[in-house]
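First the structure, in the form of structure tokens, and then the observations on it.
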Amino acid sequence: MPRPPRAKRLKIGSPNHVVLRGNNRRNLFSNREDRLLFCSLLENAATKNECTINALALLTNHIHLIITPTTYLGASAAIHSFACQYARIRNRRRK
């Protein structure tokens, strides 16, 4: 049985732990510029979707994020937004 969508599992107004991994355990970050871009995109998406980032751990092939959404779909929209943007930029750079 598939797990429920992220938006239905997150609690509004409470900190939620989110883990994002690279496909097939591939690296998400190759250098400092990648990490800075990722953080910038995350900050913009969180602000736009009214979420608070409580903690962030950037590891080579995955991240841990503690996020507090203020709306039902806020965290899900924020994560989707920055993850898609980052993937497009990284894929374009790496061809």
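Note that the numbering runs from 1 along the sequence shown for the chain. From a predicted model like this one, the values you see are computed outputs, not experimental measurements.
Under the 4.5 Å side-chain criterion, counting only non-hydrogen atoms from C-beta, Leu56 is in contact with Leu65. A 4.5 Å side-chain heavy-atom check between Ile63 and Phe29 finds at least one atom pair inside the cut-off. Ile89 has its side chain out of reach of Phe38: every pair of non-hydrogen atoms, C-beta onward, lies at least 4.5 Å apart. Counting heavy atoms from C-beta on, the side chains of Leu41 and Ser81 never come closer than 4.5 Å.
Proximity of a side-chain donor or acceptor of Asn31 to a complementary backbone N or O of Glu33 within less than 3.5 Å is detected. Here the side chain of Thr47 pairs a donor or acceptor atom with the backbone of Glu43 at under 3.5 angstrom. A donor-acceptor pair under 3.5 Å links the side-chain atoms of Tyr86 to the main chain of Leu28, judged by distance alone. Counting only distance, with no hydrogens or angles, the side chain of Thr70 and the backbone of Glu50 share a donor-acceptor pair below 3.5 Å.
The two atoms that bring Pro69 and Ser14 nearest to each other are CD-O, 3.8 Å, heavy atoms only. The two residues Asn49 and Gly74 make their nearest non-hydrogen contact at CB-O, 3.4 Å.
Annotation: salt bridge (Lys or Arg N to Asp or Glu O under 4.0 Å) contacts of Arg35 (sequence neighbours excluded): none.
With values rounded to the nearest 0.5 angstrom, Leu73 atom CG is found 10.0 Å from Cys51 atom SG. For the atom pair CG (Leu58) and NE2 (His64), the distance works out to 10.5 Å, reported to the nearest 0.5 Å. If you take CG on Asp34 and CZ on Arg93, they are separated by 5.5 Å, rounding to the nearest 0.5 Å. Taking OG of Ser76 as the start and CD1 of Ile67 as the end, the distance is 9.5 Å to the nearest 0.5 Å. In this structure, Asn16 CG and Thr68 OG1 are separated by 6.5 Å, a value rounded to the nearest 0.5 Å. Going from atom CZ of Phe82 over to atom CG of Leu20 covers 5.0 Å, rounded to the nearest 0.5 Å.
Using a 3.5 Å distance cut-off with no hydrogens or angles, the side chains of Ser30 and Arg90 do pair a donor with an acceptor.
Applying the side chain to side chain donor-acceptor pair (under 3.5 Å) rule to pairs touching residues 20-29 yields nothing, sequence neighbours excluded.
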